[in-house]
Participant: 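There's a structure below that I have some questions on.
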2 protein chains.
Amino acid sequence: MDKWKLYKGSLDTIVLQLLGQNDRMYGYEITQKVKEVTEGELEIKEGALYPALHRLEAKGLLEVEVDHVGNRMRKYYKLTEQGLREKDNALQQLEDYLSTMKKLIDPNISFG
Amino acid sequence: MDKWKLYKGSLDTIVLQLLGQNDRMYGYEITQKVKEVTEGELEIKEGALYPALHRLEAKGLLEVEVDHVGNRMRKYYKLTEQGLREKDNALQQLEDYLSTMKKLIDPNISFG
DNA sequence: TTTTTATACCTAAATTATTTAGGTATGACG
DNA sequence: CGTCATACCTAAATAATTTAGGTATAAAAA
């Protein structure tokens with residue numbers, strides 16, 4: 001489905017937001033959390049998520065901590081101070097996006 | 001600015017919506033209308049718009065009528081019947097996008 | 001016990017939507 | 001005469017995603 005084409009560009013925002021709510025999370029956990037919270041409506045692909053995490057880390061917005069559960073690796077990510085600011089920024093951008101779309105699409109829509 | 005990265009994927013929706021409101025419009029007019037309605041917040045690039053119009057036409061969502069004002073060409077686009085349905089569909093998708101983002105981002109946001 | 005499913009990480013190639021950066025030409029204004 | 005607004009267009013580069021793999025451990029099912 002190309003049903004989710006609107007999400008293009010939203011992944012970073014989602015990741016930053018979840019890490020704002022949960023202090024630290026690992027990649028696989030994020031995919032599951034998103035599926036759970038959205039009741040299966042949105043599925044984050046690993047092929048999109050892992051590169052995104054690496055990108056955000058490279059930009060200094062996330063920091064990593066590698067843990068082990070048994071023999072299995074987990075890479076926990078958390079917001080840096082800069083990431084915290086960027087999270088708020090991303091939220092503001094989402095609101096701006098909304099208000100702009102509203103202007104373009106009103107009066108047909110009820111953004112509730 | 002990558003400020004508008006969230007708009008990626010929204011262009012078709014915007015075009016369909018404007019044509020739902022205005023019966024027929026030509027490309028340049030759309031760029032101006034968007035600038036006007038959003039008070040300069042969003043600027044549709046011609047390099048994005050014209051290919052999008054051609055794509056939507058190829059999909060059978062728009063039909064063209066070529067007019068002339070003096071010697072200058074205008075290609076007016078209007079929704080086909082299929083385009084009208086797809087317009088409503090796109091609107092629904094936008095609302096779905098919103099409700100999904102709300103689930104992910106609540107309780108921090110007030111989508112008003 | 002063997003196979004499958006879930007967990008957990010990853011990358012490369014293809015796809016898609018955009019921006020950037022042009023090009024062509026007419027008409028209006030100074 | 002030159003510049004700016006109008007009006008169309010495309011090609012190359014950029015960016016974010018999907019698709020389609022790969023590796024390996026742990027748990028559940030057959």
Side-chain angles (χ1 to χ4, degrees), chain A residues 1-16 24-36 40 42-59 61-62 64-77 90 93-94 97 100-101, chain B residues 1-16 24-36 40 42-59 61-62 64-77 90 93-94 97 100-101:
Chain A
M1 264 148 300
D2 70 333
K3 190 188 170 190
W4 297 113
K5 64 173 183 295
L6 283 167
Y7 288 103
K8 285 201 176 181
S10 305
L11 181 55
D12 290 4
T13 302
I14 290 168
V15 169
L16 292 174
R24 67 175 213 161
M25 296 179 87
Y26 56 99
Y28 188 78
E29 187 186 8
I30 292 175
T31 66
Q32 300 309 301
K33 187 73 175 177
V34 167
K35 219 188 294 183
E36 176 205 322
L42 180 59
E43 205 167 326
I44 299 293
K45 305 300 192 331
E46 299 192 350
L49 179 64
Y50 289 114
L53 289 171
H54 302 159
R55 238 179 8 249
L56 293 171
E57 190 199 349
K59 280 202 243 175
L61 307 184
L62 303 183
V64 198
E65 227 175 282
V66 180
D67 277 21
H68 292 273
V69 180
N71 279 1
R72 201 185 277 150
M73 180 180 56
R74 275 188 193 166
K75 292 176 78 174
Y76 280 96
Y77 290 88
Q93 278 175 40
L94 182 56
Y97 167 73
T100 299
M101 286 305 278
Chain B
M1 266 149 296
D2 70 333
K3 190 189 170 189
W4 296 115
K5 66 175 182 295
L6 282 168
Y7 287 103
K8 286 198 176 183
S10 305
L11 181 55
D12 290 4
T13 303
I14 290 169
V15 168
L16 291 173
R24 66 175 215 162
M25 297 180 85
Y26 55 98
Y28 187 78
E29 186 185 8
I30 292 175
T31 67
Q32 299 309 300
K33 187 71 174 177
V34 167
K35 219 188 293 183
E36 175 205 322
L42 181 58
E43 205 168 326
I44 300 292
K45 305 300 192 329
E46 299 193 349
L49 179 63
Y50 289 114
L53 289 171
H54 301 159
R55 238 182 4 253
L56 293 170
E57 189 198 350
K59 280 202 244 174
L61 307 184
L62 303 185
V64 199
E65 229 176 281
V66 181
D67 277 20
H68 291 274
V69 179
N71 279 1
R72 201 185 277 150
M73 179 181 55
R74 275 187 192 166
K75 290 176 78 174
Y76 278 97
Y77 290 89
Q93 279 175 38
L94 181 57
Y97 168 72
T100 299
M101 286 306 277

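In what follows, chains are A, B, ... by sequence order, proteins preceding strands, each numbered from 1. Reckoned from all heavy atoms, side chains included, excluding hydrogens, waters and symmetry mates.
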Participant: In whole angstroms, how far is the C1' atom of dC8(D) from the OH atom of Tyr50(B)?
Facilitator: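 It works out to 5 Å between those atoms.
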
Participant: Could you tell me how far apart Glu46(A) (CD) and dC10(C) (P) are, to the nearest whole angstrom?
Facilitator: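 Atom-to-atom, Glu46(A) to dC10(C), this comes out as 10 Å.
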
Participant: Whole angstrom is fine here: how far is it from CG in Leu11(B) over to P in dT18(C)?
Facilitator: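 Atom CG in Leu11(B) sits about 5 Å away from atom P in dT18(C).
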
Participant: Which value, rounded to the nearest 0.5 Å, describes the distance between Leu16(A) atom CG and Leu56(A) atom CG?
Facilitator: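 If I round to the nearest 0.5 Å, the distance is 5.5 Å.
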
Participant: Just checking Gly27(A): base, sugar-phosphate only, or nothing, at a heavy-atom cut-off of under 4.0 Å?
Facilitator: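 The residue Gly27(A) makes sugar-phosphate contact but no base contact.
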
Participant: Measure from CD on Glu36(B) to P on dT6(D) and round the result to the nearest Å.
Facilitator: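 Distance check: Glu36(B) CD to dT6(D) P gives 12 Å.
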
Participant: Taking 4.0 Å as the cut-off, does a side-chain nitrogen or oxygen of Lys45(A) come that near to OP1 or OP2 on dT18(D)?
Facilitator: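 For Lys45(A), the contact criterion (side-chain N or O under 4.0 Å from OP1 or OP2 of dT18(D)) is met.
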
Participant: Could you check if a side-chain atom of Met73(B) sits within less than 4.5 angstrom of a side-chain atom of His68(B), using non-hydrogen atoms only?
Facilitator: yes

Participant: Round to the nearest Å and state the distance from Leu42(B) atom CG to dT18(C) atom P.
Facilitator: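 Result: 11 Å.
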
Participant: Rounded to whole Å, how long is the line connecting atom CG of Leu56(B) with atom P of dT18(C)?
Facilitator: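 Rounded to whole Å, this separation is 10 Å.
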
Participant: Where each residue is assigned the nucleotide of DNA chain D containing its nearest heavy atom, which of Arg72(A) and Arg55(A) is assigned the position nearer the 5′ end?
Facilitator: Arg55(A)

Participant: Below 4.0 angstrom from OP1 or OP2 of dT15(C), is there any side-chain N or O of Lys8(A)?
Facilitator: no

Participant: Between NE2 of His54(A) and CG of Leu62(A), what distance do you get to the nearest 0.5 Å?
Facilitator: 10.5 Å

Participant: Does Tyr26(A) place a side-chain N or O at less than 4.0 Å from the phosphate oxygens OP1/OP2 of dA8(C)?
Facilitator: yes

Participant: Reckon His54(A) has a side-chain N or O less than 4.0 Å from the OP1 or OP2 of dC9(C)?
Facilitator: no

Participant: Pick base, sugar-phosphate or nothing for Arg74(B), based on heavy-atom distances below 4.0 Å to the nucleic acid.
Facilitator: sugar-phosphate

Participant: Applying the salt bridge (charged side-chain N to carboxylate O under 4.0 Å, His left out) test to Asp67(A), which of Arg24(A), Arg72(A), Lys75(A) qualifies?
Facilitator: Arg24(A)

Participant: Within the 4.5 Å heavy-atom criterion, are Leu61(B) and Asp12(B) side-chain neighbours or not?
Facilitator: no

Participant: Side chain of Tyr28(B) only, please: which of dT11(C), dC8(D), dT25(D) is the nearest?
Facilitator: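 When the side chain of Tyr28(B) is considered, dC8(D) is the closest of dT11(C), dC8(D), dT25(D).
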
Participant: Rounding to an integer number of Å, can you tell me how far Ile44(A) CD1 sits from dT18(D) C1'?
Facilitator: 12 Å

Participant: What's the CG-C1' distance between Leu49(B) and dT20(C), to the nearest Å?
Facilitator: 16 Å

